[in-house]
Amino acid sequence: MNLEKIAKNSDIVMAMLVVGIILMLIIPMPPDFLDFLLVVNIATSIIILIISIYIAEPLEFAVFPTMLLVTTLFRLALDVSSTRMILLYGNKKSPTGVPIGAGHVIPAFAQVVVGGNLIIGFLMFIILIIIQLMVITNGAERIAQVAARFTLDAMPGKQMAIDADLHSGLLDAEAAKKKRRDVERESDFYGAMDGAGKFVKGDAMASVVIMIVNIVGGLLVGIIMHKMAAVDALNTYAILTIGSGLTTTVPAFLMSTSMGMVVSRAASDANLGEDLVKQVTAQPKALMIAAGFCVLLALLGIMKLFPMPVAPFLILGALLGGGGFLIEKSNKVEDVAVVSKGQEKKKEAAKKPESVVQLMQVDPISLEVGRGLLSLVDPNQGAKLLERVTSIRRHIALELGIVVPGVRFRDNLQLKPNGYVIKIKEIEVASGEVVVNQFLAIGPEEKLKNLRGTKTVDPTYGMPGVWISPEQRGDAERLGCMIFDPVSVIATQMTEVIRGNGGDLLGRQEIQALLDTVKKTHPAVVKELVPDMLSLGEVQKVLQNLVKERVSVRDLVTILETLADNVNMSKDTEVLTECVRVALSRVICKEYVNNEGVINVITLDPQIEQIIAQSIQRTEMGSFLALDPNMGQEVLMSVGQEVGKLQEKGLQPIILCAPQIRPALKKLTDRSFPTLVVLSWNEIAPKVNVNSVGQIQLS
């Protein structure tokens with residue numbers, strides 16, 4: 001019950017402790033109470049050291065930087081109180097000559113630790129300070145600096161990975177929130193540890209200054225005020241000063257060691273003892289080789305070739321050799337047992353119905369590579385493609401406003417060694433071949449003829465190219481060719497595949513995650529629309545329609561507000577999609593306008609617009625185009641001619657038509673011209689000019 005009360009009022013207790021430390025700097029402490037505080041200081045440093053050994057990761061002891069500051073302040077207050085007590089009462093001695101005015105702990109350290117020897121005590125003090133300042137604290141501070149920098153750099157990637165796991169259903173909202181909080185705390189922790197190292201450095205330097213001041217001040221007080229002989233004053237005050245310094249320097253040394261242990265626990269999943277035993281005993285051959293070396297030195301000592309004691313080396317060699325042999329034998333037995341047990345578990349698991357359920361899971365995106373491309377996805381060989389996928393997901397999130405799920409990488413021995421296949425929901429949608437350690441040069445064929453290499457075609461855009469050696473890269477650049485490494489070739493094609501299939505990657509779970517994000521900042525928008533006006537599935541259909549035509553849904557607030565404004569007019573997702581496109585006119589036009597603020601478009605003959613408008617049939621299941629097949633074929637042939645003319649001029653094909661026929665025209669042309677952009681007059685934003693460069697007509 002008392003512990004619960006203390007926990008509830010921990011802020012008050014902490015404030016009282018800090019105020020008490022400040023009072024120690026002002027008010028003289030009784031010798032017995034100061035002895036108690038010195039013991040508390042030593043015990044605290046030991047407790048912190050033991051905790052740093054037992055923690056598995058730094059965040060388990062996230063309060064350590066603050067404790068480091070408080071304990072440093074506490075030690076400095078003890079130094080001030082000890083100095084005051086030594087200078088005031090250090091001259092008092094017992095009949096046997098033992099100092100009794102400076103308490104009991106300080107003289108005990110002076111007598112026991114250094115044997116009352118002034119020179120030995122001074123040297124021990126300096127050695128401890130040097131080790132603490134130059135070795136442990138410097139190393140721990142450097143680890144904290146590097147960890148803070150890398151943790152901060154990795155934060156965006158970690159946050160995106162958490163979002164991807166959340167959207168794919170691997171994490172729930174609470175677990176994702178906890179992981180994000182842990183990532184932020186980890187960054188803050190290492191940053192704080194980087195600054196906390198300065199406290200320890202300052203404490204060590206202050207200890208040296210305080211010791212010098214104590215010795216000089218003690219000599220002056222002893223000689224001038226107490227009329228002591230110079231040698232007697234030096235022996236008295238210097239020994240007490242060294243004892244006082246050791247009582248605070250030893251705990252400071254332990255705190256520095258704890259700091260180094262905490263910041264170096266980043267790559268561990270167990271406490272220090274478990275890691276040490278597990279990792280050292282994992283290599284029994286190292287123990288046996290060390291044993292052989294010790295025995296060799298012992299033999300050299302026996303033969304008088306090397307003047308070394310024989311017994312220690314023989315004993316240590318026997319212990320290391322025996323331990324290594326027993327560990328290796330035990331590991332072999334465990335390996336056999338694990339293999340047999342693993343085989344039994346696999347057989348049992350294969351019989352269970354759950355194993356079939358796992359096989360039924362479908363990966364949203366997967367990339368299968370031949371054996372020649374394994375180095376691009378192998379973490380032990382750099383895994384350059386894995387790093388590129390992270391940037392692809394970030395780029396797609398900025399461009400289309402969707403979070404791409406994680407990509408599953410697999411090796412496929414049935415593919416060509418340099419081949420790869422990109423799949424969406426286990427269905428192949430793209431493939432290609434790349435050559436590792438070479439570059440793909442893309443350009444006009446007349447320039448590619450001057451390069452030596454394997455002729456090919458760019459798998460993404462179908463442009464002619466040549467795989468060249470790195471030595472020819474400079475020549476290809478001088479010819480004006482575009483140069484791509486194998487990772488860039490695969491990444492570019494994967495980006496285009498995701499763009500073209502973004503709508504298929506937007507499931508209800510992903511839509512719910514997007515709505516949850518908007519709800520944090522605009523709760524009224526989401527509450528009004530979903531689920532009272534539109535269901536989650538209907539919102540999904542609208543967003544899918546937009547993404548399929550590569551319209552960004554990043555401005556989700558505008559999209560939801562537009563749906564809420566127009567849902568009373570119609571619940572047809574196709575009609576609602578057109579309303580949203582009008583609201584996003586600036587976003588849409590931004591993608592296609594040139595530097596002069598002009599969009600070059602192909603227009604439709606009014607006769608064709610009228611024919612298409614009359615052929616649209618609307619039903620309860622949605623609208624469809626009931627166009628005469630011959631007429632449809634003629635329209636597509638005319639579209640193909642105009643699109644070809646624009647492509648020859650290097651312009652992007654865009655058709656501009658009436659709003660009521662835009663969805664039907666897009667469906668008509670989508671199969672033959674999937675990248676063709678179809679806009680309506682209502683989607684042209686203000687201050688954007690239209691330039692007609694062609695017209696689709698019937699022959």
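In what follows, residues are counted from 1 in the order of the sequence shown. When reading the values below, keep in mind they use all heavy atoms of this one structure, side chains included, and skip hydrogens, waters and symmetry mates.
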| Mind checking whether V407 and M494 have side chains closer than 4.5 Å, heavy atoms only? | yes

| remark: Contacts of I315 meeting side-chain contact (heavy atoms from CB on, under 4.5 Å) (sequence neighbours excluded), chain-then-number -> L319

| said: Using side chain to side chain donor-acceptor pair (under 3.5 Å), reason through D485 and S488 one step at a time and then give a plain yes or no. | reply: CA-CA 5 Å; D485 60 87; S488 298; 2.8 Å; yes

| query | So do the side chains of L367 and I490 get within less than 4.5 Å of each other, counting heavy atoms only? | reply | yes

| request: Check V436 against S375 and note the closest heavy-atom contact, atom names and distance. | output: CG1-OG, 4.3 Å

| request: Search all heavy atoms of E433 against all heavy atoms of Y420 and return the closest pair with its distance. | output: N-CE2, 3.7 Å

| message | Quick check on side-chain contact (heavy atoms from CB on, under 4.5 Å): which of L49, I51, I50 does I47 satisfy it with? | response | I51

| said: Side chains of L373 and N418, heavy atoms from C-beta outward: is any pair under 4.5 Å? | reply: yes

| field | Shortest non-hydrogen contact from L68 toward T72 | value | O-OG1, 2.6 Å

| Under the side-chain contact (heavy atoms from CB on, under 4.5 Å) test, which residues partner R410, sequence neighbours left out? | D363, S366, E368, R408, E426

| query | Does any non-hydrogen side-chain atom of L76 lie less than 4.5 Å from one of L25? | reply | no

| message | Quick one, N412 and L415 - any side-chain contact, counting heavy atoms below 4.5 Å? | response | yes

Show me the donor-acceptor pairs within less than 3.5 Å that the side chains of residues 32-41 make with the rest of the protein, sequence neighbours left out.
| unit_1 | atom_1 | unit_2 | atom_2 | d |
| --- | --- | --- | --- | --- |
| D35 | OD1 | H104 | N | 3.3 |
| D35 | OD1 | V105 | N | 3.4 |
| D35 | OD2 | H104 | N | 2.8 |
| D35 | OD2 | H104 | ND1 | 3.3 |

| message | Is there a side-chain contact between F409 and V389 in this structure, where contact means two heavy atoms from C-beta onward sitting under 4.5 Å apart? | response | yes

| query | Looking at V377 and L386, what are the two nearest heavy atoms and their distance? | reply | O-CD1, 3.7 Å

| What heavy-atom pair brings M288 and G321 nearest, and what distance separates the two atoms? | CG-O, 4.3 Å

| Atom CD1 of I53 and atom CD1 of I48: how far apart are they, to the nearest 0.5 Å? | 12.5 Å

| Hey, is the main chain of I42 close enough, under 3.5 Å, to the side chain of S45 for a donor-acceptor pair? | yes

| field | S81 (side chain) donor-acceptor with M29 (main chain) under 3.5 angstrom | value | no

| task | For residues V70 and I21, determine if any side-chain heavy atom of one lies less than 4.5 Å from a side-chain heavy atom of the other. | result | yes

| field | N/O donor-acceptor pair under 3.5 Å between R393 side chain and V404 backbone | value | yes

